[in-house]
Amino acid sequence: MADTAATPDTDIPPPAEPGQSHLFLVDGSGYIFRAYHALPPMTRPDGVPVNAVFGFSNMLVKLIDDMDADHMAVIFDASRFSFRNDIYPQYKAQRPDAPEDLVPQFPLIREATRAFNAPCIEMDGFEADDIIATYARQAVEKGWRVTIVSSDKDLMQLVRDGIDMFDPMKNVAIGPDQVMEKFGVAPNKVIDVQALAGDSVDNVPGVPGIGIKTAAQLIDEYGDLETLLERAGEIKQPKRRENLIEHAELARISKQLVTLKDDVDVPEPLGDLVVRGIDSDKILAFLREQNFKRLIARFESEAGQAAGETAATAAVSAPTGEEADYALVTTLEGLHGWIAAAEAQGTVAFDTETTSLNAMRAELVGVSLALAPGKACYIPLRHVGTAAQGELLAAPSSGDGPEQIPFDDAIAALKGLFENPAVLKVAHNAKYDCLVLSRPANGGIAVAPIDDTMCASYVLEGGLHGHGLDELSLLHFEHRNIKFEEVCGKGKSQIGFAEVPLDKARDYAAEDADMTWRLHQVLRPRLVEEHMTTVYETLERPLIPVLVDMERNGIRVDPKILNDMSADFAKRMVEREGEIHDLAGEPFNVASPKQLGEILFDKMGLAGGKKGKTGAYGTGADVLEGLAAQGIELAEKVLDYRQIAKLKSTYTDALVDDINPETRRVHTSYSMTGAATGRLSSNDPNLQNIPIRTEEGRKIRTAFVAEPGNLLLSVDYSQIELRLVADIAGLETMRAAFREGIDIHAQTASEVFGVPLGEMTSEIRRKAKAINFGIIYGISGFGLARQLGTPQGEAQQYINAYFERFPGIRDYMDEMKKRAHEWGFVETRFGRKVHINAIREKNPAMRNFGERAAINAPIQGTAADIIKRAMVRLPVALEKANSKARMLLQVHDELLFEVPEGDVEATAALVKEVMEGAAAPVLNLSVPLVADAGWGESWATAH
DNA sequence: GCCGTCACG
DNA sequence: GACGTACGTGACGGCG
């Protein structure tokens with residue numbers, strides 16, 4: 001949604017010829033609904049919802065900025081009934097009423113249109129689309145260019161020479177190519193396709209059994225709808241033929257419904273739709289009423305008014321560099337002043353500036369502090385002299401660098417503040433700043449206590465949007481932060497933050513601390529109001545210092561093992577490549593799916609279909625395995641090549657480069673807010689996807705080793721997600737099986753297929769296992785069939801049998817879907833909310849996707865909550881037991897420790913106990929949680 | 001920068 | 001009745 005507010009690169013339609021008039025027709029009604037669903041909820045101070053108004057205003061500003069229109073109009077639907085209801089009463093009849101918080105925005109958007117001095121057009125009895133069609137026709141007849149601002153597919157029939165469309169949400173032009181992509185036919189045939197395919201949303205009936213794909217194919221073959229209907233008898237498929245003959249009249253009515261009327265007696269003559277200039281007073285009055293600060297600031301500065309005049313009336317003033325007046329602190333006295341103020345009030349927001357996004361490699365360059373909205377400072381610590389802009393060839397340093405407090409003095413003072421238990425330190429992504437500051441080279445500061453606005457946002461609005469500071473500033477304050485690239489440049493000419501001139505560094509750094517402060521003001525109280533305090537305080541906040549320690553610990557990786565493997569892989573890749581080229585009869589890039597597809601399917605003529613989007617052949621492992629099973633040696637060789645190439649590039653080669661030169665260990669970074677379900681994710685490098693499933697890949701794990709005298713201890717939950725399913729859905733026999741320690745998949749197979757445990761075969765057990773997994777993912781007949789390689793009908797029968805045997809599962813699934821639809825989110829057993837955006841999609845495929853996510857999220861998320869609880873308790877438990885064990889890694893259901901040899905057994909027992917008890921006392925599960933421990937010299941032998 | 005592919009739970 | 005499918009991630013090479 002950040003895109004709608006302002007996007008620098010806009011794929012605007014081509015401009016008009018010199019001297020040619022250009023008319024913009026904005027589909028106001030269409031835009032309202034799209035903006036409403038695309039943008040998160042947003043209210044002005046008096047509580048009136050304004051997210052669609054905000055999106056609309058930004059869109060208009062952009063249009064006026066970027067486009068060369070001399071004529072324009074914004075067009076609305078006057079009411080929900082039009083002449084089409086006389087033709088077909090059910091047309092658009094089953095449309096639900098507009099959402100409650102959208103209704104008050106309709107009049108506001110018309111008001112916005114008038115405030116921007118744009119003509120606002122609507123007519124009883126006609127839809128906006130008809131008025132647009134009429135103006136477009138009139139304009140083209142006069143030789144004008146027309147751009148329709150909408151992404152509504154119903155308007156695509158109008159695209160032709162002189163008329164194009166522009167999608168204001170995605171910022172892309174829609175021309176004949178895009179129409180062809182959507183409907184499979186040229187714009188002038190779109191109505192024929194729509195007439196056949198119908199539209200369930202608008203209640204256009206169409207012909208039963210025919211969708212867009214089939215319709216396009218038919219129109220392509222027969223030329224147009226009438227010809228097709230006349231010659232319907234020639235159609236080969238019996239069902240389709242019958243339907244076309246029987247429902248020919250329905251198709252003709254549908255065509256009438258979808259055909260836009262382009263001769264409406266429009267209320268304003270075309271010539272009156274001229275673009276009039278902006279009236280600043282008018283527009284500012286409107287924007288102030290909505291409290292759109294960024295837009296206000298913009299029009300104020302355009303009008304030459306004194307900035308800040310309205311700041312007093314705004315709830316939170318907009319901190320642009322000029323008006324916020326951030327301080328640069330370059331004396332120790334100055335710093336002491338800020339620290340004293342922070343200690344006096346007990347809360348301070350801060351941010352660190354460094355040389356790297358990788359906290360284990362970052363050198364501290366400066367720190368910013370904020371004490372109140374707009375009141376912030378920057379303390380440069382390691383800035384160096386820099387060439388003035390444009391003097392790239394000048395010496396980079398003019399001697400001793402800019403004036404700043406000596407590093408050790410400043411750090412000593414800041415350490416007092418950051419370690420002061422009476423002062424709450426607020427940061428955005430505090431894990432990063434804490435880790436940077438904790439390293440001896442950066443002061444060795446143990447920051448506490450801390451609050452993290454990123455985690456707070458995640459807990460409140462996880463799944464709705466990202467949680468970066470820039471995104472949240474825009475979302476909550478309509479404020480656009482200075483971009484890092486604006487300060488440091490990008491690409492080759494990018495400079496380090498230490499080289500940024502102090503005034504620019506101050507504006508950038510202080511702004512981040514300032515916005516963090518403001519976010520904290522907004523989000524903290526919401527945690528209480530929205531009952532998310534427990535999740536934040538027990539699952540996220542205490543995890544931060546735990547993860548800081550884990551990331552700093554890192555894990556030892558033996559580069560020699562990886563280098564040897566890499567050399568071996570390189571040799572084998574060359575061999576495979578040669579064999580593949582011989583088999584293909586020509587050299588080509590084996591790593592290119594495109595070239596491989598052409599060899600396999602064009603040159604060799606093997607069976608295999610094109611893929612929808614890009615038109616490229618699919619050459620995934622499943623396809624190649626199919627070919628290999630048919631005895632195609634080439635496919636087998638490519639699979640082998642792919643496996644080796646993956647292992648080499650992603651693991652053996654890359655991991656060596658990730659060894660930190662200082663610690664000689666590999667330090668991953670965990671993202672606490674990346675996964676919507678509550679899971680962590682690991683990156684730079686990702687240590688949560690180190691190979692294990694194949695023999696070859698597993699060898700990578702031999703390179704992950706313990707320090708001499710230590711062992712790696714791995715403890716992982718056994719079947720935690722399935723146990724949670726059994727508990728949540730009340731599956732009594734499954735619960736009993738878990739309690740008695742029976743093989744759960746065999747037990748399931750026995751229940752579902754009626755085979756006694758004594759007669760169980762591995763094949764039947766395999767099927768049951770796949771179903772058990774499928775349940776967790778929101779099963780579908782198609783998905784299970786693909787997994788098992790059985791026909792879809794058979795897979796569906798398995799599912800039916802499963803539901804029959806375990807009715808609680810179906811109830812659970814229905815309940816989660818219902819909640820997701822009603823509330824927009826589902827919850828884990830610990831109360832974590834997982835918002836499901838896709839649930840509001842009108843595209844059924846996307847909505848189904850949302851429903852499956854809603855089924856999976858409480859299961860995956862509850863498991864994530866449980867291991868987080870264990871991770872918070874473990875350092876305390878280990879400490880209490882005087883253990884020297886260090887927690888190194890988390891892989892969703894596994895924890896990896898480095899333990900002195902002699903302590904392994906005791907530590908394993910302790911870890912197992914904490915993990916198995918992690919759901920209690922909040923949750924009293926009806927199934928036991930079981931964790932299995934293993935240890936060895938390397939991760940390969942520990943597992 | 002997007003897409004296809006593939007590594008993990 | 002059609003959509004196009006198992007859930008959640010991150011990283012790589014190819015390609016335009």
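Values reported hereafter were calculated over all heavy atoms of this structure, with side chains retained and with hydrogens, waters and symmetry mates removed. We name chains A, B, ... by the order of the sequence lines, and we start the count at 1 in each one.
The C1' atoms of B:dT5 and C:dC3 are separated by 25 Å, rounded to the nearest whole Å. Taking atom C1' on both nucleotides, B:dC8 is separated from C:dG4 by 25 Å, rounded to a whole Å. Distance noted for atom P between C:dT5 and B:dC3: 13 Å (whole Å).
When each of B:dC8, B:dG9, C:dC3 is scored by its nearest atom to the side-chain atoms of A:Asp893, the top-ranked nucleotide is B:dG9. Of the candidates C:dC7, C:dT5, C:dT9, C:dT5 carries the atom nearest the A:Phe782 side chain, counting heavy atoms from C-beta on. Residue A:Ala675 has its side chain nearest to C:dT9 when only B:dA7, C:dT9, C:dG4 are considered.
In this model, the phosphate group of B:dC6 is approached by a side-chain N or O of A:Arg642 to a distance below 4.0 Å at OP1 or OP2. The side chain of A:Arg786 places an N or O atom within less than 4.0 Å of a non-bridging phosphate oxygen (OP1 or OP2) of C:dA6. For the OP1/OP2 pair of B:dG9 and a distance below 4.0 Å, the side-chain nitrogens and oxygens of A:Arg693 include at least one atom meeting the criterion. Distances shown here put every side-chain N or O of A:Arg852 at or beyond 4.0 Å from the OP1 or OP2 atom of C:dA6.
Using a 4.0 Å heavy-atom cutoff across all strands shown, A:Gly778 reaches no nucleic acid atom at all. Note on A:Ile692: only backbone sugar-phosphate atoms sit closer than 4.0 angstrom, heavy atoms only; bases stay farther off. Residue-level contact check: A:Pro208 touches neither bases nor backbone, having no heavy atom under 4.0 Å from any strand. Counting non-hydrogen atoms under 4.0 angstrom, A:Ile690 reaches the backbone sugars and phosphates but no base. Contact annotation for A:Leu784: base contact, defined as any heavy-atom pair under 4.0 Å involving a base atom. A:Ala645 comes within 4.0 angstrom of nothing in the nucleic acid, heavy atoms only. Within the 4.0 angstrom heavy-atom criterion, no nucleotide atom of any strand lies near A:Ala863. Among the protein residues, A:Ala785 comes within range of no part of the nucleic acid, since none of its heavy atoms lies under 4.0 Å from any strand.
Spacing between atom OH of A:Tyr812 and atom P of C:dC7 amounts to 14 Å, rounded to whole angstrom units. For the pair A:Ile700 CD1 and B:dA7 C1', the interatomic distance rounds to 10 Å; values are reported in whole Å. Summarising the geometry, the separation between NZ on A:Lys239 and P on C:dA2 is reported as 11 Å, rounded to the nearest angstrom. Distance, A:Glu894 CD to C:dT9 P: 20 Å, rounded to whole Å.
Between A:Glu540 and A:Arg832 there is a salt bridge, since at least one side-chain N of the basic residue sits less than 4.0 Å from a carboxylate O of the acidic one. At a threshold of 4.0 Å, the pair A:Glu851-A:Arg847 does not count as salt-bridged, since none of the basic side-chain nitrogens sits closer than that to a carboxylate oxygen. Note on A:Asp568 versus A:Arg572: salt bridge recorded, some NZ/NE/NH1/NH2 to OD/OE distance being below 4.0 Å.
For the pair A:Lys648 and A:Phe569, the cation-pi criterion (under 6.0 Å, within 45° of the ring axis) is not fulfilled.
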Inset, instruction - Starting at the 5' end of nucleotides 10-16 of chain C, put B wherever the base has a protein heavy atom under 4.0 Å, S where only the sugar-phosphate does, and a dash everywhere else. - result: BBSSSS-
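Nucleotide C:dG1 has no partner under the Watson-Crick or G-U criteria, as no pair reaches both atom distances under 3.5 Å.
Annotation: of the two residues near DNA chain C, A:Lys213 and A:Phe773, the 5′-most nearest-nucleotide partner is A:Lys213.
For A:Tyr88 and A:Asn203, the side-chain atoms include no donor-acceptor pair closer than 3.5 Å.
Partners of A:Phe183 under the ring-ring contact (aromatic ring centres under 6.0 Å, His included) rule, at least two apart in sequence or in another chain, do not exist in this structure.
The two residues A:Ser682 and A:Leu687 come nearest to each other via the heavy atoms OG-N, 2.8 Å. Taking each heavy atom of A:Ala216 and A:Val193 in turn, the nearest pair found is CA-CG2, 3.9 Å.
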